[in-house]
Amino acid sequence: MLYAKNLPAWERLARIIASALAVAASFYFFSGNTALLLAGSALGFALTGLVGFCPMCAMAGRRITKDQ
């Protein structure tokens, strides 16, 4: 593997659910380019949940432990 996962399973699931809600909210409350920009950033957040690696967490030195 090219990277070490640094997100526990519960946080990965929470990121995916939160991102789905953010995409839905962006299209509900906004329109046009604003909605697309917000939905795109939410999808990027969901991607970190799907992959299990967050670059910002890695820069902060966060590592996953065995009990997570």
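Keep in mind that this is a model prediction, so the values were computed, not measured.
By the 4.5 Å side-chain criterion applied to Ile, Leu, Val, Met, Phe, Trp and Tyr, M59 is assigned to a cluster that also includes M56. The hydrophobic cluster containing I16, built from Ile/Leu/Val/Met/Phe/Trp/Tyr side-chain heavy atoms closer than 4.5 Å, also comprises L50. Residue I17 is found in a hydrophobic cluster whose other members, listed by chain and number, are L13, L21; membership requires side-chain heavy atoms under 4.5 Å apart, directly or through intermediates.
Scored by the side-chain hydrogen bond (donor to acceptor under 3.5 Å, both in side chains) test, T48 finds R15 as partners (sequence neighbours excluded). Here A58 pairs with N6, F53 under the side-chain contact (heavy atoms from CB on, under 4.5 Å) rule; sequence neighbours left out. Residues that satisfy the side-chain contact (heavy atoms from CB on, under 4.5 Å) test with A46, not counting sequence neighbours, are S19. Taking the salt bridge (charged side-chain N to carboxylate O under 4.0 Å, His left out) definition, one finds that R12 meets it with nothing, sequence neighbours left out.
A salt bridge (charged side-chain N to carboxylate O under 4.0 Å, His left out) check over residues 30-46, counting only residues at least two apart or in different chains, returns nothing.
The two residues I64 and L7 have their closest heavy-atom pair at CD1-O, 3.4 Å.
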In a table with atom names and distances, give each donor-acceptor pair under 3.5 Å that connects a side chain of residues 30-38 to protein atoms at least two apart or in another chain.
none

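From C57, atom SG reaches atom CZ of R63 across 12.0 Å, with rounding to the nearest 0.5 Å.
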